[in-house]
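Below, read A as the first sequence line, B as the second, and so on, with proteins coming before strands; counting in each chain starts at 1. Keep in mind that what you see is a predicted model, and the values were worked out from it rather than measured.
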Amino acid sequence: MAYEKKKCWSILLRLYHWAFALSIVTLCITGFYINSPWTNSMTEGSASWPMAYMRFVHFVAGYVFTAAVLTRIFLYLFGNKQERILEHLPVTPRNIKNLFSTILQYSYIQDSHDPDRLGHNILAGITYVITIAAAVFQLASGFYMLFPEIAIWEKYGVMIFGSQQMARYIHHLLMWWFMIFAFIHVYLVIWNDVKQPEGLISSIFTGVKFTHKA
Amino acid sequence: MADTVNKTLDPHVNRRGFLKGCTMAAAALGLSESMVPKMVEAATSAQRPPVIWLHFQECTGCTETLLRGAHPDIAQLILDIISLDYHETIMAAAGYQAEQALHDSMEKNAGKYILVVEGGIPTALNGVYCKISGKTAMEMLEEVSSKAAAVIAYGTCATFGGVQAAKPNPTGAVGVDQLVHDKPIINISGCPPNPVNFLGTVLHYLTFQRLPAVDSLKRPKFAYGRRIHDHCERRAHFDEGRFVEQFGDEYHKLGYCLFKVGCKGPETFANCPVARFNEAGVWPVSVGHGCIGCTEPDFWDTMTPFYDRIPNVKIPGAGIVADADKIGTKVLGVTAAAVGIHAAVGIGKRLIKGKSDSDVG
Ligand code: HEM
Ligand code: HEM
Ligand code: SF4
Ligand code: SF4
């Protein structure tokens, strides 16, 4: 059977994906360090500053993460067809149908897939939107902890989280969402790549997917 | 003219102590030395602001720290620059006399007095959990605050409900600003708060005729504008990654940072490292114990466990209370197991069917 190349992800979406993924890996490692620094410099005056460096890296990665999230929100509204938010959520009959067929497919009950759907399936779409929403809270709590004296962060930080401690707590719990999401995500991406020869993994590098020629 | 020879003041405060107190308050307020004479002048002017001090659901620790601290100067100074008309702990009057004093002061100084509240206000069952002379705390607060010029909530009980508001808050205790909405309120939180911050607020009011600038929790910024962690003397140890691992260990003796034994300095707004307590100039971290975050809302719920960084995760219904990372690791483990099973089923199915899914063409 013949395949044809179809342009699926814009360059901006691919840049966002890798900025997001790599910053999250960095943020989780440095975040764990900030929570429970596992080094303990025993020599006075060694000038190693591990905590200061870890925090610095965390904040730089935090800005990359923030830029990625803002890019994704822009693409939800102004991206190509596959990238828009309406293609992610079960809001049209076509999308609702896809949600159920995906669940059946993931449970090995039925092999079907949507021949005319180029973008994400809806189950994936929902978790991506939840992840971006979690990311907004993550960066809000992060900036509230980073700039506690700036009036706007102080005001909204207290309004949303109540106190620095609650912001830190929520920041920490949300980290677990990102880690669990990443784990399942990478598995399912590989699973889909094995099940369907559309070149899913390479699509997040090249932007191109392969579909059956009609 | 400043009363530099100390004629109007209580003889217990000598001129040196008086100036010292004013200078400390000026320092806490972040004012320059040149403001001290102005403050002295304001503090010694004839018009001492009338103050009514109410106690509700509390331990009186706030008053105790104020009176019994090793800063007799500060306590004396406060009592000298205000006219304390009603204070249940220290006034001589009792019973009807006391009631009369309260009533008289409210009438005489209507619209002019400062109301200081110490203690939380229970609101459950219409406030029956705290009654004084037949009136509930809620009724008293409403009555006395209605004629006040401003309200100072003194101590974490009065600002955020206090320890009695800890979950599940059986008496429905709340802070003053949940009940009083039509008066300027200053929250001087802390369990107990530093008397210097009370003195600073009052002197600010006397010197500038208005209350100091506050944050969004109504705490004066001069005292609660910055986190403990950002002006802690152990901060260099934090940045250099030198931490106490356990109380009493080698690193504890060396005075390293208390972050890993649960110091809440990074989450707590207060000036303890700068203002310090008692004549000895100490504060918790300086004597080897982490900050417990007592100036923050709900600190009894959110800052506990005191010797861990973040609260435990409570799963309602299941009765599970555990460390966030332990639960996170378990969830990740279950996820990994589920992924393993999912993959195994896929492979098994393929073996049975005898062909690979991608052989569709
Ligand atoms: C997926 C994204 C992120 C993850 C997984 C993450 C993780 C963490 C963790 C685990 C902590 C330690 C909290 C604790 O004590 O338990 C932390 C602290 C912190 N994070 Fe993040 N973070 C993320 C994004 C951000 C962003 C976008 C910012 C904003 C610039 C940020 C700023 C901070 C700050 C200011 C702290 C406190 C550092 C300190 O007090 O020394 N984080 N983060
Ligand atoms: C080896 C690493 C990874 C690979 C190969 C990979 C691959 C992919 C692919 C192929 C897609 C498109 C999937 C679809 O159409 O449903 C995708 C989307 C996505 N990935 Fe990854 N991913 C990786 C790591 C991560 C990590 C670590 C994160 C973050 C925790 C992440 C977050 C996302 C998100 C949020 C999307 C949705 C994009 C959108 O918003 O449209 N990925 N990834
Ligand atoms: S804030 Fe603390 S010290 Fe003050 S009355 Fe309440 S419990 Fe006592
Ligand atoms: S002792 Fe506490 S406040 Fe001081 S640097 Fe360490 S964590 Fe921060």
Side-chain angles (χ1 to χ4, degrees), chain A residues 1-3 32-55 106-108 111 145 148-149 151 154-159 162-173 175-177 179-180 183-184 187-188 190-191 193-197 212, chain B residues 160 215-217 221 225-227 229-230 236-245 250-251 254 256-257 259-260 264 266-269 293 296-299 301-303 309-311 313 324-325 327-329 331-332 334-336 338-340 342-343 345-346 348-350 356-361:
Chain A
M1 195 191 253
Y3 284 95
F32 265 120
Y33 186 86
I34 294 168
N35 173 267
S36 173
W38 59 79
T39 64
N40 205 336
S41 54
M42 288 155 228
T43 41
E44 294 266 358
S46 59
S48 51
W49 311 105
M51 183 55 114
Y53 280 121
M54 285 290 188
R55 291 176 76 237
Y106 281 5
S107 338
Y108 299 108
D111 251 352
M145 285 192 280
E149 284 123 33
E154 200 256 337
K155 183 166 162 228
Y156 289 103
V158 169
M159 230 159 76
S163 65
Q164 288 273 316
Q165 176 73 348
M166 283 319 278
R168 188 177 274 262
Y169 183 50
I170 291 165
H171 198 80
H172 190 104
L173 294 185
M175 174 179 71
W176 282 100
W177 167 265
M179 295 204 304
I180 291 162
F183 187 84
I184 300 176
Y187 169 69
L188 283 178
I190 297 170
W191 186 85
D193 201 75
V194 171
K195 292 279 276 187
Q196 281 170 40
H212 293 293
Chain B
F160 307 123
D215 68 7
S216 52
L217 292 167
K221 279 191 181 160
R226 204 161 275 168
R227 287 177 300 198
H229 188 57
D230 292 333
H237 292 301
F238 173 84
D239 287 333
E240 261 252 50
R242 293 193 290 256
F243 300 98
V244 175
E245 301 283 347
E250 189 64 23
Y251 309 139
L254 288 167
Y256 286 178
C257 166
F259 186 79
K260 286 179 94 168
K264 303 300 189 302
E267 296 77 22
T268 305
F269 291 89
E296 292 292 308
D298 301 337
F299 86 88
D301 290 326
T302 63
M303 299 293 178
R309 290 240 47 80
I310 51 171
V313 175
D325 289 338
I327 294 195
T329 315
V331 176
L332 198 60
V334 171
T335 312
V339 161
H342 191 264
V345 171
K349 212 180 145 212
R350 185 177 302 179
S356 121
D357 293 287
S358 41
D359 285 350
V360 278

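Neither the backbone nor the side chain of B:Asp301 comes within contact range of chain A; no heavy atom of the residue lies under 4.5 Å from a heavy atom of that chain. Of the two parts of B:Thr329, the backbone and the side chain both hold a non-hydrogen atom closer than 4.5 Å to a non-hydrogen atom of chain A. Contact of B:Ala338 with chain A is not made at all, since no heavy-atom distance falls under 4.5 Å. Looking at A:Trp176, only its side chain comes within 4.5 Å of chain B, counting heavy atoms on both sides. Heavy atoms closer than 4.5 Å to chain A are found in the side chain of B:Lys264, but not in its backbone. Proximity to chain A (any heavy atom under 4.5 Å) is shown, for B:Phe299, by neither the backbone nor the side chain.
When all heavy atoms of B:Ala324 and A:His172 are compared, the pair lying nearest together is CB-CD2, 4.2 Å. When all heavy atoms of A:Glu149 and B:Arg226 are compared, the closest pair comes out as OE2-CG, 3.4 Å. The two residues A:Tyr169 and B:Pro311 have their closest heavy-atom pair at CE1-O, 3.1 Å. Pairing each heavy atom of A:Gly162 with each of B:Leu217, the nearest pair is O-CD1, 4.4 Å. In this structure, A:Gln165 and B:Ile310 approach most closely via the heavy-atom pair NE2-CA, 3.9 Å. The nearest pair of heavy atoms linking A:Gln164 to B:Pro266 is OE1-O, 4.0 Å.
Using bins of under 30°, 30° to 60° and over 60° for the plane-to-plane angle, the ring pair B:His342/A:Tyr106 lands in the perpendicular bin.
Checking side-chain atoms of B:Glu240 against main-chain N and O of A:Ser41 turns up no donor-acceptor pair under 3.5 Å.
If you tally non-hydrogen atom pairs under 4.5 Å between each of B:Glu245, B:Arg309, B:Lys221, B:Arg227 and chain A, the highest count goes to B:Arg227.
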